[in-house]
Number of protein chains: 2
Amino acid sequence: MSEAATPAEHLDNSVRDRLLQAAVDLFAEKGYAATSVREIVAAAGVTKPVLYYYFQSKEGIYLEIMTRASNDLQANLEAISDRASSVWERLLKLADTTYNAYSENIKTMKIMHAMMFGPPQGAPFVDFNAVYWAFHQAVEAMVKEGMHNGEMLPGDPKNVTWVLMGTVHLAMEMALCQPEKALDRQGLREVLEVNHRAFWARGLANQRENRNDD
Amino acid sequence: MSEAATPAEHLDNSVRDRLLQAAVDLFAEKGYAATSVREIVAAAGVTKPVLYYYFQSKEGIYLEIMTRASNDLQANLEAISDRASSVWERLLKLADTTYNAYSENIKTMKIMHAMMFGPPQGAPFVDFNAVYWAFHQAVEAMVKEGMHNGEMLPGDPKNVTWVLMGTVHLAMEMALCQPEKALDRQGLREVLEVNHRAFWARGLANQRENRNDD
DNA sequence: GTCTATAAACTGATAGAC
DNA sequence: GTCTATCAGTTTATAGAC
């Protein structure tokens with residue numbers, strides 16, 4: 001546990017990291033409960049006592065994976081805090097960095113997603129809910145700001161936030177769970193542009209031009 | 001298996017249905033892999049051979065639960081097919097019947113959702129994906145119809161469908177997974193109204209009136 | 001650190017009596 | 001139909017040699 005935090009924070013090909021990688025692959029593919037310690041150590045090319053030496057238990061290796069992932073996601077929220085750019089630009093940036101975090105780390109995100117929106121499968125509790133809700137509330141704060149400074153059209157910030165979150169959430173979920181049907185980065189951007197035309201002040205103006213309004 | 005389809009299709013308090021109910025509760029609460037046959041029969045107040053007598057295996061009882069659920073969901077899509085009412089009314093009706101199907105049967109829907117968007121947990125494959133995608137495509141067909149007949153504003157039907165599906169999907173998912181944070185039926189309707197104002201022809205007119213446009 | 005060998009409990013499933 | 005008793009295989013986890 002002492003050498004847990006390698007300088008770059010991620011995988012070299014030490015035995016320890018090969019175990020982590022194998023566990024991520026299997027938990028993502030089959031689920032926590034359906035994955036046995038035997039399978040993890042086989043995939044890592046070691047024997048059982050090695051896993052217990054580094055991680056104490058099956059729960060231990062799971063918790064290390066999820067703690068890292070949770071911290072990574074939390075870091076993304078910082079994209080919102082700098083008020084230099086417009087709400088719209090910050091929203092795009094948040095969607096983009098989140099999309100990156102997901103697509104670069106699909107398997108870990110699949111595990112997290114399964115625990116956030118599925119049954120616990122006997123795994124120890126980790127409060128992902130808090131991370132997700134922080135995300136939702138950060139977006140809501142942005143929407144309030146945008147409506148207040150006139151960048152966005154007036155409306156109920158809560159409801160508009162639900163629509164925006166729904167868009168991003170569905171895109172992320174499809175990318176995780178049905179990649180062949182999912183939006184790519186460009187597709188997500190296009191759908192967000194639809195939201196932009198609907199809820200932003202300049203967006204509505206554009207939309208009306210397009211309609212050649214009366 | 002012969003007496004599977006009771007007249008009303010659902011639970012009396014026969015031993016068989018008590019087993020089904022116990023299995024639904026446990027699969028929803030802990031997940032398929034983390035639930036043992038022993039727990040199911042204990043919750044139903046019977047012994048193991050009884051479960052194997054009625055359902056042949058753990059997979060058997062799971063498959064019966066999921067087959068019923070899948071059929072129920074598929075039936076909801078019929079709300080779309082009658083072209084008597086407007087696209088908007090049909091969309092509202094679909095959202096409402098789906099919300100009902102979910103909230104009346106939360107535990108079964110949780111299992112289905114976990115299998116649709118989470119790891120298989122060693123459970124036998126059921127093609128929920130097809131049901132979900134049929135839903136998505138039915139909405140897309142409605143949006144195309146609405147844009148074509150002038151009920152909705154012009155735009156890319158695919159992208160608008162993603163926004164609408166995102167709204168409904170997030171509402172359903174929160175209702176399943178974080179009920180205390182979720183939208184109630186009225187809340188879902190309000191968020192859909194936001195979509196209405198954004199993407200429907202009369203909706204935009206209303207929005208512009210509200211803004212007291214220049 | 002990594003191994004072989006094994007413990008102790010639990011798993012899905014069944015035989016056979018009633 | 002429902003039970004008791006039990007099977008064979010798997011599970012997480014560990015003791016102890018190297």
Side-chain angles (χ1 to χ4, degrees), chain A residues 1-6 11-27 29-66 111 119-125, chain B residues 1-6 11-27 29-66 111 115 119-126:
Chain A
M1 198 176 279
S2 56
E3 56 232 286
T6 53
L11 47 291
D12 52 47
N13 54 7
S14 69
V15 170
R16 194 175 194 282
D17 283 349
R18 269 174 20 229
L19 278 167
L20 279 173
Q21 192 56 54
V24 167
D25 291 350
L26 286 161
F27 289 158
E29 188 189 340
K30 313 177 43 171
Y32 177 83
T35 298
S36 67
V37 172
R38 175 205 276 266
E39 291 172 295
I40 298 171
V41 297
V46 294
T47 56
K48 265 194 265 187
V50 180
L51 185 147
Y52 288 95
Y53 173 79
Y54 285 111
F55 302 101
Q56 289 77 51
S57 67
K58 185 184 175 183
E59 296 197 349
I61 194 168
Y62 166 82
L63 283 173
E64 176 147 337
I65 293 167
M66 295 333 280
I111 305 170
Q121 304 180 58
F125 176 73
Chain B
M1 196 176 280
S2 54
E3 57 233 285
T6 54
L11 47 289
D12 52 49
N13 54 8
S14 69
V15 171
R16 192 174 195 283
D17 282 350
R18 271 175 17 232
L19 278 166
L20 278 173
Q21 192 56 56
V24 167
D25 290 351
L26 285 161
F27 289 158
E29 189 189 337
K30 311 177 46 171
Y32 176 83
T35 298
S36 67
V37 172
R38 175 204 275 267
E39 291 171 294
I40 298 172
V41 296
V46 295
T47 55
K48 262 194 269 187
V50 181
L51 184 147
Y52 287 95
Y53 173 79
Y54 285 111
F55 302 101
Q56 291 75 51
S57 65
K58 184 184 177 185
E59 296 197 347
I61 196 169
Y62 166 80
L63 283 173
E64 175 147 338
I65 294 166
M66 296 333 280
I111 305 170
M115 287 301 169
Q121 303 180 63
F125 176 74
V126 179

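Each chain gets a letter, A, B and so on, in the order the sequences are listed, and its residues count up from 1.
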task: Return the nearest nucleotide to the side chain of A/S57; candidates are C/dC3, D/dC3, D/dA13.
output: D/dA13
message: Nearest whole Å is fine: how far is C/dG1 C1' from A/Q56 CD?
response: 14 Å
message: Using whole Å, what does the distance between atom P of nucleotide C/dG12 and atom CD1 of B/I61 come to?
response: 12 Å
Nucleotide of D/dC3, D/dT2, C/dT2 approaching A/V50 most closely (side-chain heavy atoms): C/dT2
- prompt: Distance check: side-chain N/O of A/Y52 vs OP1/OP2 of D/dT14, anything under 4.0 Å?
  reply: no
task: To the nearest 0.5 angstrom, please state how far the CD atom of A/E39 sits from the CD atom of A/E29.
output: 9.0 Å
query: In whole Å, what is the span from the CG atom of B/L26 to the C1' atom of C/dT11?
result: 15 Å
Value in whole Å for how far the P atom of C/dA13 lies from OH of B/Y54: 18 Å
query: Between B/Y32 and B/F27, what is the ring plane arrangement, given parallel below 30°, perpendicular above 60°, and tilted in between?
result: tilted
message: Under 4.0 Å from OP1 or OP2 of C/dT14: is there any side-chain N or O of B/Y53 that close?
response: no
query: Atom CD of A/Q121 to atom P of D/dT12: distance rounded to whole Å?
result: 13 Å
- request: State, with a plain yes or no, whether a side-chain heavy atom of A/Y54 is found less than 4.5 Å away from one of A/L20.
  value: no
task: Answer yes or no: is there a side-chain heavy-atom contact under 4.5 Å between A/V24 and A/I111?
output: yes
message: I need the residues from residues 32-42 of chain A with at least one non-hydrogen atom less than 4.0 Å from DNA chain D; give them sorted by number, or say none.
response: A/T35, A/S36, A/V37, A/R38
- request: For the residue pair B/V41 and B/T47, establish whether any side-chain heavy-atom pair is separated by less than 4.5 Å.
  value: no
message: Applying side chain to side chain donor-acceptor pair (under 3.5 Å) to A/Q21 and A/D25, what does each step give before you reach the verdict?
response: CA-CA 6 Å; A/Q21 192 56 54; A/D25 291 350; 3.1 Å; yes
query: Between atom CD1 of B/I61 and atom CG of B/L51, what is the distance when rounded to the nearest 0.5 Å?
result: 4.5 Å
statement: Rounded to whole Å, the NZ-C1' distance (A/K48 to C/dG1) equals 18 Å
Separation of atom NZ in B/K30 from atom P in C/dC10, rounded to whole Å: 12 Å
